[in-house]
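In each ligand, atom 1 is the first atom listed, and ligand 1 is the first ligand listed.
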Amino acid sequence: MEFDLSVLNKENPYNINIEKFIEQFYGFIQINHLYDSAIHMIETKLEIIDSEFQSNFSRNPIHNISSRLKSPESIANKLIKKGIPITAESILSNLHDIAGVRVICHYIEDIYQIAHYLSMHDDIRIIKQKDYIQNPKPSGYRSLHLIVTVPVYLSTGKKVVPVEIQIRTIAMDFWASLEHQLRYKTKNNVPADLSEELRSLADTINSTDMRMEDIYHKINDLDDEE
Ligand code: 0O2
């Protein structure tokens with residue numbers, strides 16, 4: 001890409017490579033647009049799955065959908081941790097969670113149904129799946145994580161973009177949001193006894209989730225009998 005550098009102040013006291021800086025800056029803007037578009041694609045697919053469910057079964061499996069682009073601080077931290085240079089190219093080839101979509105469902109079974117319906121779209125490829133519901137993290141964290149790729153059509157051609165989708169119940173989300181806040185609130189490590197209490201609360205929340213699902217099935221069965 002060629003830049004018109006004539007508009008710039010000729011003084012450059014810090015001896016910055018301005019051309020390189022502008023090139024990288026444009027690179028980051030393009031990345032932002034690309035991942036934002038991928039998020040839109042996934043959100044639309046999820047909304048269609050949810051509304052089809054509503055018209056077929058008269059209920060919505062999805063409580064709400066939110067999305068985020070990974071923060072620059074979090075991107076830099078991850079690249080530094082992996083020992084990878086902080087450039088637009090290395091972000092594109094090394095990080096799969098720049099675009100993130102979080103899907104909050106009512107029941108545990110909804111999580112797997114959403115994942116299943118999404119996997120049936122022939123433009124979606126699931127490249128990684130981490131089931132932290134069957135195998136919770138040592139912290140107690142539960143969620144189904146999918147890394148999928150989705151095509152985004154730009155004027156320059158098709159780009160296949162990775163998106164991280166976290167799918168969990170309202171109850172799992174309640175725990176994860178508060179636990180995340182609590183851990184990041186303190187500069188100290190969370191003491192072992194409090195970590196253990198948080199983990200045990202995650203187990204309690206999981207059994208509540210299962211009991212709610214059980215009640216849901218029993219009430220459904222009653223309706224079916226009528
Ligand atoms: P942010 O800023 O939200 O993105 P990877 O290299 O990607 O395969 P990674 O990054 O360890 O490995 O992925 P993991 O653990 O599967 O998922 C990371 C994300 O899951 C986190 O994002 C959280 O959103 C969530 N998460 C994972 N473990 C926990 C936990 O113990 N508690 C809570 N509350 N959330 C968790 P980040 O990394 O925080 O960053």
Notebook entry, point to check: Should Asp110 and Arg59 be marked as a salt bridge (charged side-chain N to carboxylate O under 4.0 Å, His left out) after you check the CA-CA gap, both sets of side-chain angles, and the distance that decides it?
Noted result: CA-CA 11 Å; Asp110 294 335; Arg59 78 172 193 92; 2.5 Å; yes
Next item on the list: Take Lys158 and Asp123 through the salt bridge (charged side-chain N to carboxylate O under 4.0 Å, His left out) test and state the conclusion after the steps.
Entry: CA-CA 12 Å; Lys158 179 173 92 169; Asp123 55 350; over 6 Å; no
Margin query: When you compare the side chains of His96 and Lys128, does any donor N or O come within less than 3.5 Å of an acceptor on the partner?
Written below: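 His96 vs Lys128: no donor-acceptor pair found between side chains.
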Notebook entry, point to check: What pairs with Lys218 under salt bridge (Lys or Arg N to Asp or Glu O under 4.0 Å), at least two apart in sequence or on another chain?
Noted result: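 Lys218: salt bridge (Lys or Arg N to Asp or Glu O under 4.0 Å) contacts with Asp214.
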Note to self: For Lys78, is there an ion pair with Asp97 - N to carboxylate O distance below 4.0 angstrom?
What the structure shows: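 Here Asp97 pairs with Lys78 in a salt bridge, since their nearest N and O are under 4.0 Å apart.
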Run through all N or O atoms in ligand 1 and write down each protein N or O closer than 3.5 Å, as a pair with its distance.
unit_1	atom_1	unit_2	atom_2	d
ligand 1	2 (O)	Ser74	OG	3.1
ligand 1	4 (O)	Arg68	NH2	2.6
ligand 1	4 (O)	Lys70	NZ	2.7
ligand 1	7 (O)	Lys78	NZ	2.9
ligand 1	8 (O)	Lys128	NZ	3.1
ligand 1	8 (O)	Lys130	NZ	2.9
ligand 1	10 (O)	Lys78	NZ	2.9
ligand 1	12 (O)	Lys130	NZ	3.4
ligand 1	13 (O)	Lys130	NZ	3.4
ligand 1	15 (O)	Lys137	NZ	2.5
ligand 1	16 (O)	Lys130	NZ	2.8
ligand 1	16 (O)	Tyr132	OH	2.7
ligand 1	16 (O)	His145	ND1	3.4
ligand 1	20 (O)	Gln166	NE2	3.3
ligand 1	24 (O)	Gln166	NE2	3.2
ligand 1	28 (N)	Lys137	NZ	3.4
ligand 1	31 (O)	Ser139	OG	2.7
ligand 1	32 (N)	Glu179	OE1	2.8
ligand 1	34 (N)	Ala176	O	3.0
ligand 1	34 (N)	Glu179	OE1	2.9

Note to self: Does the plane of the ring in Phe53 sit parallel, tilted or perpendicular to the ring in Tyr117? Use 30° and 60° as the thresholds.
What the structure shows: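 The arrangement is perpendicular - the two ring planes meet at more than 60°.
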